Amino acid sequence: MTAKALLSIVNLHKSFGGVAATKQVSLDIVKGEIHAIIGPNGAGKTTLVSQLAGVLLPDSGRILFQGNDITRMPAHRRPHLGIARSFQITSIILDMTVLENVLLAVQAKAGHSYRFWANSGDDASLVEPAMASLEQVGLQNQAMQMAGPLSHGEHRQLEMAMVLATNPVLILLDEPTAGMGQEDSTRMVRTLQALKGSRTIILVEHDMNTVFTLADRITVLVEGQVIATADPDAIRSNPRVRQAYLGEELDSIPSEPHAEDSMTKSPPAC
Amino acid sequence: MSLPTLTLRGFVTVLMLVALALVPQLVELTGNAFLIDLATRCVILAIAAVSLNLILGYGRMISFGHAAYLGIGAYAVGIPVYYEIYNGYLHILVAMAVSAVFALATGLVCLRTRGVNFIMITMAFAQMVFFTFVSMEEYGGDDGLVIEVRSEFSRFINLEDATVLYYVCFASLLVVLYLVKRIVNSRFGMVIRGTRGNELRMQSLGFDTFRYKLICYVIAGTICGFAGALLGNFTNFISPEMMDWTRSGELIFMVVLGGAGSLFGPVLGVSVFLLLEEFLSGLWLYWQLVFGIFLILVVLFANGGIDSWLSGRSRRSHDS
Ligand SMILES: Nc1ncnc2c1ncn2[C@@H]1O[C@H](COP(=O)(O)OP(=O)(O)OP(=O)(O)O)[C@@H](O)[C@H]1O
Ligand SMILES: [Mg+2]
């Protein structure tokens, strides 16, 4: 564990039945970085994120956040330390309005909600930060609409607004651009770029352009194992990575990555 | 508040409340004393249904044991009166306290399950209370017990007067409706509704959803215990039959019929349920068959109940 690690994962192990989905994973996440986790379908990326979020308990190993062991801390307590997550499969409250979804996220951050009398929708201390988060992702005009009927891209944006509204230290993003169209995913990349430096982000992502545009460091996961952790250039030229996973896909990545119009989408993975 | 925005739903709500407020005057005009009995029962069951709606409608916790609280509340009047303790404030305090403790104890277990298991286990706990009272020979066991004297409050609130009893129940309903309205729009209520929509999401936002649901469950049980104390006073009689599982089932029907998750829906549901029951039973010997079919149709097709039908209408007229 390095001195400046915000999050340390030590020998984490998790298997489902006989199948090991996380194999002795050790990883340090540095404060302020965008750390991408890539790997083929079924590599164990979501399983790893779920353990960090506390939804799954590891079989062995430890997770340290700001030096404290949170391995067995219940999921609902981690957000209060500043850990927020988004889901690979959109997870929002469909039968509430867009604003209400984000209000709940602000409310979660504001401490306990054992307040039974005052109308929460009139509460400026909730509504203002919620609207600010919606503006950050570009959903402010849909605030009063029901969340259910919105488009897939808007659902993903709402999911991101909920993450941002909790004002997190560490953000766990499981494929934030999954299934998005070109325009929406460009916007999402811009939103994330704006966060760079001020938040620490673990980004699980299939789209290599997004990864190489955003990531400070990249970890490659294959069959539950970390096969490399390095900066983007080193990952691009790592022979083991090329062999195990990236292959030709990497050749199409420009070495000066950012040009938005060159972004091509790989098919969404589920 | 402003008149132009009065929707069909709002109109029906106001109409219903005015009609309920004028029941005693109507009785005086028509001389039909039976009407006030029907209205009193309607208003008491409406309180129970509104409390069930808090967990069932807003929290999607489908409790099949809510009638247990009606029974607990009624026995909290009946047993003290049996020992010649007539203080009404004490009756209500006991009814609500015992209901709260029962809800807390059973909620701790029930709320760890979901779906059909939750339905079954809430029903099982209610049946436990049922059989407990059946076995209490002292208080009439299976046959129940007549409450000789109604709860005493003050010289001005004499429940032996049918009109006074009715207005006490009606005022209680108004208070409970207001209370539930505040709760569902508060931060707490938002957490309950969010948990209904997506519990995993709420947990990952940082809410200990179990605790919020438990508190909601206790509030609903306590309110229904209060309704039970009114019911005991109204019927002058307590028996385990009041908390039979079929009673719990009826309460669910009333909520679903009126509109689960809408504030006023359960009041409409109870009213329609009781009126149909009266009307059909006077009409035909085999009314229960027709009524049963009606209930099945409601469950199958009343997506959102009477309330959604009213508000859907009003929305359309807004568009045009
Ligand atoms: N709840 C579960 N029960 C049993 N097996 C599971 C469970 N969750 C995941 N797995 C298995 O663990 C392995 C890793 O799955 P995981 O979802 O973490 O992969 P992933 O890297 O997120 O894949 P994708 O890119 O498709 O999202 C897979 O073999 C999967 O079948
Ligand atoms: Mg995944």
Side-chain angles (χ1 to χ4, degrees), chain A residues 49-50 52-55 74-87 89-97 99-123 125-126 130 146-148 158-159 162-163 165-168 172 174, chain B residues 1 51 54-55 57-60 100 111-112 175-220 222-223 259-263 303-304 308 311-312 315:
Chain A
V49 166
S50 297
L52 299 181
V55 176
H76 64 79
R77 282 187 37 212
R78 300 186 193 208
H80 300 289
L81 301 178
I83 303 175
R85 77 169 300 189
S86 77
F87 289 81
I89 295 162
T90 307
S91 185
I92 56 177
I93 299 146
L94 297 170
D95 59 0
M96 282 185 154
T97 67
L99 180 61
E100 283 173 328
N101 270 271
V102 188
L103 277 178
L104 278 171
V106 180
Q107 215 177 294
K109 185 67 186 179
H112 73 81
S113 287
Y114 301 112
R115 297 191 188 178
F116 301 87
W117 204 248
N119 190 325
S120 73
D122 295 342
D123 190 337
S125 70
L126 296 177
M146 291 300 284
L158 174 55
E159 173 117 28
M162 289 168 82
V163 167
T166 66
N167 193 21
L172 312 172
D174 199 352
Chain B
M1 291 292 125
S51 75
L54 186 60
I55 49 174
Y58 292 101
R60 201 153 299 156
L111 291 169
R112 293 188 195 280
V175 170
V176 166
L177 278 172
Y178 184 63
L179 194 75
V180 169
K181 181 184 161 71
R182 296 302 299 222
I183 290 175
V184 298
N185 290 315
S186 71
R187 291 194 187 197
F188 177 82
M190 287 286 285
V191 175
I192 292 300
R193 284 154 62 205
T195 303
R196 168 185 73 186
N198 190 340
E199 185 161 7
L200 180 61
R201 195 5 138 186
M202 291 297 285
Q203 287 170 346
S204 67
L205 282 176
F207 292 107
D208 185 352
T209 54
F210 177 80
R211 277 224 226 164
Y212 287 92
K213 288 199 293 189
L214 183 61
I215 291 173
C216 190
Y217 192 74
V218 171
I219 294 174
T222 308
I223 296 175
S262 83
L263 181 70
N303 206 348
S308 78
S311 53
R315 213 174 296 134

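Residue numbers start from 1 in every chain, and the chains themselves are labelled A, B, ... in the order their sequence lines are given, proteins ahead of strands. Everything quoted here is computed from the prediction, not taken from an experiment.
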* Asked: Which pair of heavy atoms, one from B:Ser204 and one from A:Pro79, lies closest together, and at what distance?
  ->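 Heavy atoms of B:Ser204 and A:Pro79 come nearest at O-CG, 3.3 Å.
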
* **Considering all heavy atoms, the nearest B:Met190-A:Gln107 contact** => CB-OE1, 3.9 Å

* **Check: A:Tyr114 side chain, B:Ile215 main-chain N or O, donor-acceptor pair, under 3.5 Å** =>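 No.
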
* **Geometric class of the A:Trp117/B:Tyr178 ring pair [parallel <30°, tilted 30-60°, perpendicular >60°]** =>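 Correct class here is perpendicular.
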
Toward chain B, the part of [X] with a non-hydrogen atom under 4.5 Å:
X: A:Ala105; answer: both
X: A:Asp122; answer: neither
X: A:Arg78; answer: neither

State, with a plain yes or no, whether a side-chain heavy atom of [X] is found less than 4.5 Å away from one of [Y].
X: A:Leu104; Y: B:Arg201; result: no
X: A:Ser91; Y: B:Asn198; result: yes
X: B:Arg196; Y: A:Asp95; result: yes
X: A:Arg115; Y: B:Ser186; result: no
X: B:Met202; Y: A:Ile93; result: yes

* Asked: NE2/A:His112 to CZ/B:Arg211 distance, rounded to the nearest 0.5 angstrom?
  -> 11.0 Å

At a heavy-atom distance under 4.5 Å, which candidate from [options] has the highest pair count against chain B?
options: A:Leu126, A:Asn101, A:Thr166, A:Val163; value: A:Leu126
options: A:Leu103, A:Leu94, A:Ile92; value: A:Ile92
options: A:Ala75, A:Ala118, A:Pro168; value: A:Ala118

* **Step-by-step side-chain contact (heavy atoms from CB on, under 4.5 Å) determination, A:Met162 to B:Leu205** => CA-CA 8 Å; A:Met162 289 168 82; B:Leu205 282 176; 3.9 Å; yes

